[in-house]
Amino acid sequence: MTTIEQKAYAKLNLTLDVLGKRPDGYHDIQSVMQLISLCDDVSLDVGTGEDWKLECDQAGIPTDGTNLAWKAAGLFYQNMGKDPQGITIRLTKRIPAQAGLGGGSADAAAVLLALNRHEGSPFSQEELLKLAEKLGSDVPFLLSGGTKMAKGRGEALSALPTMPQCFYLVVKPDFSVSTPALYQAIDQAPEVYHPQTNAMVQALQKGDLLEVAGYLGNSFEPLVAAEHGEILAIRTVMEDCGALGSAMTGSGSAVFGIFDAFDMAAMASMQLMERYQTFLARNIEEGEV
């Protein structure tokens with residue numbers, strides 16, 4: 001039996017633009033995505049000689065074949081044409097669920113990376129990305145990381161200039177949001193907010209953190225904020241404490257702020273942590289995954 005370990009990093013949508021519904025029922029999006037240091041720990045025992053198992057330190061997370069981490073291991077060995085002779089997957093969760101941070105997808109990406117390393121890299125990066133695409137729209141990005149443009153359903157990735165160094169405060173309110181329900185609501189909305197993604201890309205090319213922070217935006221945020229005043233309340237506290245900009249990530253409900261000074265991010269965290277889950281984080285570049 002061999003034990004292997006891998007960090008599973010969360011993502012932020014610096015912009016998330018929902019462009020419209022596709023013939024296949026999915027939606028086309030355009031999103032500037034950033035990997036951050038908030039992470040789960042994934043540990044795998046390979047060759048246990050026992051039935052497959054998944055253990056998690058957090059209640060409410062599936063511990064059977066419906067978990068994306070389990071699916072990732074199954075897909076990996078199915079495509080490799082090998083029986084691993086038993087696997088135990090252990091998840092130590094820090095990324096909050098149903099937050100728009102990609103926690104389950106991050107665990108799946110970590111499993112693919114860990115098993116590929118363990119087995120002597122039978123799959124190229126491009127082949128791993130193809131496997132990741134079968135697991136979910138966010139998994140390919142979480143496999144590669146850094147700062148990227150995601151298009152299509154989120155699986156079509158292209159490199160962007162590196163996000164300037166900064167500090168993030170991520171805040172998770174107590175409520176969660178149904179992603180399918182949000183897409184349905186956006187289809188029925190008389191008007192959809194579209195963030196300035198091209199302007200964000202130009203700001204990244206200039207390496208101007210203040211300008212980048214000014215172009216944060218999310219098509220889903222007005223819909224969620226209309227039902228949950230906490231979104232705006234959290235953003236107000238962050239910006240009062242010196243955040244250069246703030247926005248909701250993914251389909252929510254987590255909100256993040258960008259700071260150029262750690263002490264300001266920490267001060268905002270102290271003001272919000274009595275009521276919400278708060279996390280301080282930094283950029284994770286592509287070579288760090």
So the side chain to side chain donor-acceptor pair (under 3.5 Å) pairs with at least one residue in residues 195-204 (sequence neighbours excluded) are T15-T197
Next item on the list: Would you sort out whether E286 and K148 count as a salt bridge (charged side-chain N to carboxylate O under 4.0 Å, His left out), showing the intermediate values?
Entry: CA-CA 10 Å; E286 192 163 353; K148 289 198 170 61; 3.0 Å; yes
Under a 4.0 Å threshold between the charged nitrogen and the carboxylate oxygen, would D45 count as salt-bridged to R90?
yes
Checklist entry - For the hydrophobic clusters of this structure (ILVMFWY residues joined by side-chain heavy atoms under 4.5 Å, transitively), does one cluster hold both L75 and F123? => result yes
Output for pair (Q34 CD, I284 CD1), nearest 0.5 Å, gives 9.0 Å
Say whether V255 and L38 are linked into one hydrophobic cluster, either directly or through other cluster members, by side-chain heavy-atom distances under 4.5 angstrom. no
Could you check if a side-chain atom of V289 sits within less than 4.5 angstrom of a side-chain atom of L143, using non-hydrogen atoms only? no
I want to check something: taking the side chain as every heavy atom from C-beta on, are C39 and R94 in contact at a cut-off of under 4.5 Å?
yes
Checking L54, D57, T63 against L91 for side-chain contact (heavy atoms from CB on, under 4.5 Å), the one that qualifies is L54
Here the gap from T2 atom OG1 to E119 atom CD, rounded to the nearest 0.5 Å, amounts to 9.0 Å
CG of L223 to OG of S251, rounded to nearest 0.5 Å, is 11.5 Å
Check whether any side-chain heavy atom of K134 lies under 4.5 Å from a side-chain heavy atom of N79, and answer yes or no. yes
CG (L142) and OH (Y9) are apart, to the nearest 0.5 Å, by 12.0 Å
* To do: Report whether I89 and I61 are members of the same hydrophobic cluster (ILVMFWY, side-chain heavy atoms less than 4.5 Å apart, transitive linking).
  => no
In one Ile/Leu/Val/Met/Phe/Trp/Tyr side-chain cluster, 4.5 Å: M33, I36: no
By ring pair (Phe, Tyr, Trp, His ring centres under 6.0 Å), Y183 pairs with (sequence neighbours left out) H27, F220
Under 3.5 Å donor-acceptor, S37 side chain and R282 backbone:
yes
Tell me yes or no: between the side chains of E155 and S137, is some donor less than 3.5 Å from an acceptor?
-> no
Sorted by chain and number, sequence neighbours left out, side-chain hydrogen bond (donor to acceptor under 3.5 Å, both in side chains) with Y26 holds for none
Within the 4.5 Å heavy-atom criterion, are N116 and S121 side-chain neighbours or not? yes
Here the pair of heavy atoms bringing C166 nearest to F259 is CB-O, 3.4 Å
Practice item. Would you indicate whether the side-chain heavy atoms of M163 and L14 approach each other to under 4.5 Å? Key: yes
Can you tell if the side chain of L204 reaches within under 4.5 Å of the side chain of P164, non-hydrogen atoms only? yes
Worksheet item: So, N283 versus Y168: side-chain donor-acceptor pair below 3.5 Å or not?
Response: yes
Compare all side-chain heavy atoms of L101 with those of F256 and state whether any distance is below 4.5 angstrom. no
Check: Y215 and V32 side chains under 4.5 Å, non-hydrogen atoms
no
Q) Does the salt bridge (charged side-chain N to carboxylate O under 4.0 Å, His left out) test come out yes or no for D28 and R153, once each step is laid out? A) CA-CA 5 Å; D28 277 316; R153 291 186 292 113; over 6 Å; no
Between Q85 and V46, is the side-chain contact (heavy atoms from CB on, under 4.5 Å) condition met? List the steps. CA-CA 7 Å; Q85 303 297 320; V46 183; over 6 Å; no
Sequence neighbours excluded, the answer for ring pair (Phe, Tyr, Trp, His ring centres under 6.0 Å) partners of F167 is F262
Tested for side-chain contact (heavy atoms from CB on, under 4.5 Å) against I258, the lone hit among L12, L169, L210, L209 is L209
Distance col, row E288:CD vs L35:CG, nearest 0.5 angstrom, shows 9.0 Å
Would you list the atom pairs, donor with acceptor, under 3.5 Å between side chains in residues 64-74 and any protein atom, with sequence neighbours excluded?
unit_1: D64; atom_1: OD1; unit_2: T66; atom_2: N; d: 3.0
unit_1: D64; atom_1: OD1; unit_2: T66; atom_2: OG1; d: 2.5
unit_1: N67; atom_1: OD1; unit_2: A69; atom_2: N; d: 2.8
unit_1: N67; atom_1: ND2; unit_2: P62; atom_2: O; d: 2.8

| Is V42 linked to F76 within one hydrophobic cluster, defined over Ile, Leu, Val, Met, Phe, Trp and Tyr using a side-chain heavy-atom separation of less than 4.5 Å? | yes
Taken in chain and number order and not counting sequence neighbours, the residues that satisfy side-chain hydrogen bond (donor to acceptor under 3.5 Å, both in side chains) with S246 are R235, E239
Rounded to the nearest 0.5 angstrom, the OG1-CE distance for T88 and M1 is 7.5 Å
